[in-house]
Amino acid sequence: MKEDQETPALTPGAVRMRRCGYCLLKQPMRARHCKSCQRCVRRYDHHCPWIENCVGEKNHRVFILYLALQGLVLLWALRIAWSGFRAAVTWSEWFRTNVFLLAALVVIGVFTVVVVLLLVSHLYLISCNVTTWEFMSHHRISYLRQCDYDTNPFDRGVIRNLWSFFCTWGNVVWERVYYRDVLSTV
């Protein structure tokens, strides 16, 4: 991959921004070029086919809200489908009466499980301050290669991670967070 070739030094004075191999812009830490959108995205999480856009630093909260709202609507649809079943004397008559409702209940149930699992997995990643891209490609990302798989240089604890994700606005200079231990000793 062209965009991850440079390895940053371990001192804060030597932080170098990578140059994107596709659009030739200097990328801050945690940014990545999306081949689907043809642009660089700050704190790239993933490209979502549902919203046909990248999920990054500026719209990640909205994506979580979208998943939560979609989950609530699907749970509501499950409740409506469940309340529509009608009683019958025999099983064959019940099945004939409720076959379309049963099929809808199964489809809605599958979508509900998928959306809830996706929301839970994203909330877990947010609580660890890890993006989906970093979680899946830890071994290929230059600034994470020197870290163990169970350590994350951006993790500030569950409460601070959730607080900074949901309650703070603006761009974060991730190089400062990455090198916070080195900076605190200087």
Side-chain angles (χ1 to χ4, degrees), residues 1 3 22-23 30-141 144 149-150 152 154-172 174:
M1 259 191 155
E3 60 219 358
Y22 299 99
C23 59
R30 300 184 96 179
R32 182 170 187 253
H33 184 86
C34 178
K35 293 177 185 173
S36 300
C37 294
Q38 296 299 316
R39 60 187 163 149
C40 287
V41 179
R42 284 183 61 93
R43 201 177 153 269
Y44 178 84
D45 192 80
H46 68 284
H47 182 84
C48 181
W50 288 1
I51 60 173
E52 295 184 29
N53 200 1
C54 285
V55 176
E57 190 168 56
K58 294 200 182 269
N59 67 347
H60 202 171
R61 287 182 205 92
V62 176
F63 179 72
I64 295 299
L65 180 64
Y66 167 73
L67 286 179
L69 186 61
Q70 194 175 42
L72 287 173
V73 168
L74 285 167
L75 288 171
W76 182 46
L78 275 174
R79 170 67 178 105
I80 290 171
W82 185 263
S83 67
F85 284 120
R86 300 289 174 232
V89 178
T90 64
W91 279 106
S92 60
E93 183 182 335
W94 180 88
F95 188 74
R96 257 193 332 266
T97 306
N98 297 309
V99 67
F100 293 115
L101 201 53
L102 187 61
L105 189 72
V106 169
V107 170
I108 293 169
V110 168
F111 283 132
T112 303
V113 168
V114 168
V115 168
V116 167
L117 287 176
L118 190 59
L119 178 62
V120 168
S121 67
H122 272 277
L123 289 174
Y124 169 74
L125 291 175
I126 290 166
S127 72
C128 298
N129 203 1
V130 175
T131 65
T132 304
W133 173 57
E134 291 169 344
F135 182 75
M136 299 300 289
S137 303
H138 188 276
H139 62 284
R140 294 187 326 202
I141 300 171
L144 294 178
Y149 279 101
D150 58 343
N152 174 17
F154 306 108
D155 188 12
R156 295 181 270 182
V158 174
I159 301 298
R160 286 186 68 195
N161 291 338
L162 291 171
W163 178 265
S164 66
F165 182 83
F166 289 110
C167 301
T168 59
W169 301 97
N171 294 334
V172 176
W174 292 107

Student: Between side-chain atoms of residues 99-127 and protein atoms elsewhere (two or more places apart, or another chain), which donor-acceptor pairs fall under 3.5 Å?
Tutor:
{"from": "Thr112", "atom 1": "OG1", "to": "Ile108", "atom 2": "O", "distance (Å)": "2.7"}
{"from": "Ser121", "atom 1": "OG", "to": "Leu117", "atom 2": "O", "distance (Å)": "3.2"}
{"from": "Ser121", "atom 1": "OG", "to": "Leu118", "atom 2": "O", "distance (Å)": "2.9"}
{"from": "Ser127", "atom 1": "OG", "to": "Tyr124", "atom 2": "O", "distance (Å)": "2.6"}

Student: Hey, what do you get for NE2 (His33) to SG (Cys23), rounding to the nearest 0.5 Å?
Tutor: 5.5 Å

Student: Tell me which pairs pass salt bridge (Lys or Arg N to Asp or Glu O under 4.0 Å) where either residue lies in residues 128-138, with sequence neighbours left out.
Tutor: Arg30-Glu134

Student: Taking atom NE2 of His46 and atom CZ of Phe63, what is their separation to the nearest 0.5 Å?
Tutor: 3.5 Å

Student: Could you measure the distance from the SG atom of Cys54 to the CZ atom of Arg43? Nearest 0.5 Å is fine.
Tutor: 13.0 Å

Student: Just verifying a value: how many Å separate Leu67 CG and Cys48 SG, rounded to the nearest 0.5 Å?
Tutor: 7.5 Å

Student: Applying ring pair (Phe, Tyr, Trp, His ring centres under 6.0 Å), name anything that partners Trp82, two or more places apart in sequence or on another chain.
Tutor: Phe85

Student: So, using side-chain hydrogen bond (donor to acceptor under 3.5 Å, both in side chains) as the criterion, who are the partners of Arg79 when residues are at least two apart?
Tutor: none

Student: So how far is it from His139 NE2 to Leu144 CG, rounded to the nearest 0.5 Å?
Tutor: 11.5 Å

Student: Does a sphere of radius 6.0 Å around CH2 in Trp50 hold more than 12 heavy atoms from other residues, nucleotides or ligands, not counting ones at 6.0 Å or beyond?
Tutor: yes

Student: Of the non-hydrogen atoms in Asn129 and Phe154, which two are nearest, and what is the gap between them?
Tutor: ND2-O, 2.8 Å

Student: Using a strict 4.0 Å threshold on nitrogen-to-oxygen distance, state whether Arg42 and Glu57 make a salt bridge.
Tutor: yes

Student: Surrounding OH of Tyr66 (heavy atoms of other residues, nucleotides or ligands, distance under 6.0 Å), is the total greater than 12?
Tutor: yes

Student: Just jot down the side-chain hydrogen bond (donor to acceptor under 3.5 Å, both in side chains) partners of Tyr44, sequence neighbours excluded, or say none.
Tutor: none

Student: Is Trp94 reaching over with its side chain to a backbone N or O of Arg86, donor-acceptor style, under 3.5 angstrom?
Tutor: yes

Student: For the backbone of Thr132 and the side chain of Asp45, can you confirm whether one donor and one acceptor N or O come within less than 3.5 Å of each other?
Tutor: yes

Student: Decide whether a cation-pi geometry holds between Arg61 and Phe166; the criteria are a distance under 6.0 Å from NZ or CZ to the six-membered ring centre and an angle within 45° of the ring axis.
Tutor: no

Student: Could you pull out all residues at least two apart from Ser36 that satisfy side-chain hydrogen bond (donor to acceptor under 3.5 Å, both in side chains)?
Tutor: none

Student: Between the side chain of Gln38 and the main-chain N/O of Lys35, is any donor-acceptor distance below 3.5 Å?
Tutor: yes

